Asks: 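Handing you this structure, nothing more for now.
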Amino acid sequence: MVTPEQSTNPARRVSALAGSCHPGPLLVVTALTAALAVTAGQEPARCLLTTGAVLTGQLSIGWCNDAYDARRDSATGRRGKPVADGAIGAREVWTAACAALALCVPLSFACGWAAGAAHLTAVAAAWAYDLRLKATRWSWAPYALAFAALPAFVTLGLPGRPWPAWWVLAAGALLGVGAHLGNVLPDIRGDLATGVRGWPQRLGPGRVRLLLPVPLVTASALLALGPAGPPGARQLAALAGAGLIAVAGTVLGRRRERAAFAAAVAVAALDVALLLSGGGLGTGAS
C-alpha cells in the first residue's frame with residue numbers, strides 16, 4: 001500500500017518508478033543495442049533513434065512486469081520491488097508502461113518500417129511473456145524471439161535493409177533462451193509456490209542448472225565459427241573460455257546455485273564480445 005507521505009513526495013515517486021523498470025536489464029540491453037548499432041555502421045542520428053526505441057521499449061516491458069507481478073511478489077516476500085513494497089501504486093506504473101510503449105512505436109518506425117516491425121515484434125513478445133506466457137511451457141519463446149529480433153532491428157535500419165546472417169539470429173535466440181533460464185533459476189521455488197509453471201519451473205532447479213550452459217555455449221560456437229573464413233585466435237580463445245566457465249559453473253552449482261548463475265552471466269558476456277567483434281553482424285556492413 002502506498003503511504004500518504006510516499007504519494008505526495010515527488011522524489012520518492014520518481015525513485016520508485018525508476019526502481020520498478022528493472023534498471024539492470026534495461027541498461028544492459030540498451031547499451032548492447034547502442035554498441036551493435038555502432039558496430040553495424042549506423043549513422044550517429046540513426047544510432048540515437050535505434051537506442052531510444054529500445055530504451056522506451058525496455059521501460060515499457062519492465063514497468064509492465066513489475067505492475068503485473070506485484071501481488072505475486074508480495075505473496076513470495078520478494079524485496080526490492082517498489083510496487084510490491086508499497087513505494088508506488090500499480091496504477092502509476094501501468095500508466096508509465098503504456099506511455100513508454102506509446103513513445104516506442106513512432107521511435108521504432110522512425111528507423112524504417114521493416115526495422116520498426118522487427119523491434120515491435122520483440123516488444124510485443126516481451127509483453128506477452130509478462131502477461132501470459134511466463135506461466136506456460138512456452139515461456140522460453142518470447143525470450144528467443146526478442147533476442148533474435150534485436151540484431152535484426154539494427155541491421156534492417158541500415159541502407160538496403162539487410163538481414164543479419166543466420167548464425168547471428170540463431171545465436172541471439174539461444175542467448176535469449178539462456179537469459180530466460182538464468183533469470184528464472186533463483187526464483188523457481190517461489191514461482192512454483194504461487195502457481196507459475198513456465199518451462200524452467202517445470203524442469204526444476206536441478207535440471208535448469210545443468211541445462212543453463214547449453215544454449216549459451218552453443219551461441220558461443222555459432223558466433224566464433226559462423227563468420228566466413230577460419231576463426232581467429234580471439235574467437236577460439238573465447239569459445240574455449242566459454243566451455244571451461246560453463247563446466248565450472250555446472251560443477252560448483254551443485255552446492256551453490258548462484259555459482260551456476262554467475263557462470264552463465266560470464267559466458268553471456270563472452271558471447272556479447274564475440275557478437276560485437278563480428279563487425280557488421282554478417283551483413284557485410286562496416
Side-chain angles (χ1 to χ4, degrees), residues 20-26 28-30 32-33 53-76 78 81 83-84 90 93-94 96-98 100-102 104-105 108 116-153 169-205 207-209 211-212 214-216 218-219 261 264 268:
S20 67
C21 73
H22 295 218
L26 179 148
V28 169
V29 174
T30 304
L32 173 59
T33 301
V54 170
L55 174 61
T56 53
Q58 289 298 305
L59 283 170
S60 78
I61 294 163
W63 281 326
C64 169
N65 182 278
D66 250 31
Y68 189 77
D69 282 352
R71 291 183 180 179
R72 186 180 296 120
D73 291 336
S74 296
T76 57
R78 292 186 66 183
K81 295 284 190 175
V83 182
V93 178
W94 275 124
C98 292
L101 182 61
C104 175
V105 172
S108 298
H119 183 236
L120 293 176
T121 297
V123 174
W127 272 68
Y129 172 84
D130 286 346
L131 299 177
R132 178 72 182 96
L133 295 179
K134 176 189 298 187
T136 74
R137 66 179 70 251
W138 293 97
S139 60
W140 58 272
Y143 271 83
L145 177 59
F147 274 68
L150 187 61
F153 174 45
L169 295 173
L174 288 166
L175 281 171
V177 173
H180 177 43
L181 293 171
N183 184 54
V184 171
L185 179 59
D187 302 318
I188 287 179
R189 293 176 181 85
D191 288 340
L192 289 173
T194 55
V196 176
R197 290 183 55 79
W199 178 50
Q201 290 87 353
R202 293 166 193 257
L203 291 174
R207 291 179 179 176
V208 169
R209 187 183 65 249
L211 180 61
L212 178 55
V214 175
L216 297 174
T218 305
F261 178 74

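From a predicted model like this one, the values you see are computed outputs, not experimental measurements. All values below come from the heavy atoms of this structure, side chains included, with hydrogens, waters and symmetry mates left out.
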Asks: Can you list everything that forms a side chain to side chain contact (heavy atoms under 4.5 Å, CB included) with Ala219? Sequence neighbours excluded, please.
Replies: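 Expected list: Ala171, Leu174, Leu175, Asp271.
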
Asks: Looking at CG of Leu203 and CH2 of Trp140, how far apart are the two atoms once the value is rounded to the nearest 0.5 Å?
Replies: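 Between Leu203 CG and Trp140 CH2, I get 12.5 Å after rounding to 0.5 Å.
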
Asks: What residues form a side chain to side chain contact (heavy atoms under 4.5 Å, CB included) with Leu32, not counting sequence neighbours?
Replies: Leu36, Leu150, Val272, Leu276

Asks: Measuring only between side-chain heavy atoms, which start at C-beta, is Tyr143 closer than 4.5 Å to Val184?
Replies: no

Asks: Arg189: what forms a salt bridge (Lys or Arg N to Asp or Glu O under 4.0 Å) with it, not counting sequence neighbours?
Replies: Glu257

Asks: Tell me, please, which residues at least two apart from Leu55 pass side chain to side chain contact (heavy atoms under 4.5 Å, CB included).
Replies: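 Leu55 satisfies side chain to side chain contact (heavy atoms under 4.5 Å, CB included) with Leu26, Thr30, Leu59 only.
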
Asks: Partners of Tyr129 by side-chain hydrogen bond (donor to acceptor under 3.5 Å, both in side chains), sequence neighbours excluded?
Replies: none

Asks: Report the residues that fulfil side chain to side chain contact (heavy atoms under 4.5 Å, CB included) with Ala67, sequence neighbours left out, ordered by chain and then residue number.
Replies: Val93, Trp94

Asks: About how many Å separate CG of Asp187 and CG of Leu192, when rounded to the nearest 0.5 Å?
Replies: 11.0 Å

Asks: Looking at every heavy atom in both Pro200 and Leu181, which two are closest together, and how far apart are they?
Replies: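 Between these two residues, the closest heavy atoms are CG-CD2, 4.0 Å.
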
Asks: Ignoring hydrogens, what is the shortest heavy-atom contact between Leu212 and Pro215? Give both atom names and the distance.
Replies: O-CD, 3.4 Å

Asks: Between Asp69 and Lys81, is there a side-chain N and carboxylate O pair less than 4.0 Å apart?
Replies: no

Asks: Give the minimum heavy-atom separation between Cys64 and Leu131, together with the two atoms involved.
Replies: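 Taking Cys64 first and Leu131 second, the nearest heavy atoms are SG-CD2, 3.8 Å.
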
Asks: Does atom CZ (Arg202) have a neighbourhood of more than 12 heavy atoms from anything else shown, all under 6.0 Å?
Replies: yes

Asks: Looking only at non-hydrogen atoms, find the nearest pair between Phe147 and Gly172 and report the distance.
Replies: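 Here Phe147 and Gly172 meet closest at CB-O, 2.9 Å.
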
Asks: Enter the distance from Tyr68:OH to Arg132:CZ here, rounded to the nearest 0.5 Å.
Replies: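 Here the interatomic distance stands at 8.0 Å.
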
Asks: Under 3.5 Å, which donor-acceptor pairs do the side chains of residues 118-127 form with other protein atoms, sequence neighbours left out?
Replies:
from   : atom 1 : to     : atom 2 : distance (Å)
His119 : ND1    : Ser108 : OG     : 2.8
Thr121 : OG1    : Ala117 : O      : 2.7
Trp127 : NE1    : Ser60  : OG     : 3.1

Asks: How long is the straight-line distance from NE2 of His22 back to CD1 of Ile61, given to the nearest 0.5 Å?
Replies: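 So the CD1 of Ile61 and the NE2 of His22 are separated by 10.5 Å.
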
Asks: What is the distance from atom CZ of Arg207 to atom CG of Leu185, rounded to the nearest 0.5 Å?
Replies: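 Output value for this atom pair is 14.5 Å.
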
Asks: Indicate the atoms forming the closest heavy-atom contact of Val83 with Ala70, along with that distance.
Replies: CG1-CB, 3.4 Å

Asks: Could you name each residue pair satisfying side chain to side chain donor-acceptor pair (under 3.5 Å) that touches residues 171-182, not counting sequence neighbours?
Replies: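 Counting only pairs at least two positions apart or across chains, the side chain to side chain donor-acceptor pair (under 3.5 Å) contacts touching residues 171-182 are Ser139-His180.
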
Asks: Just jot down the side-chain hydrogen bond (donor to acceptor under 3.5 Å, both in side chains) partners of Ser20, sequence neighbours excluded, or say none.
Replies: Trp63

Asks: Of all heavy-atom pairs between Gly204 and Ile188, which one has the smallest distance, and what is that distance?
Replies: C-CD1, 4.1 Å

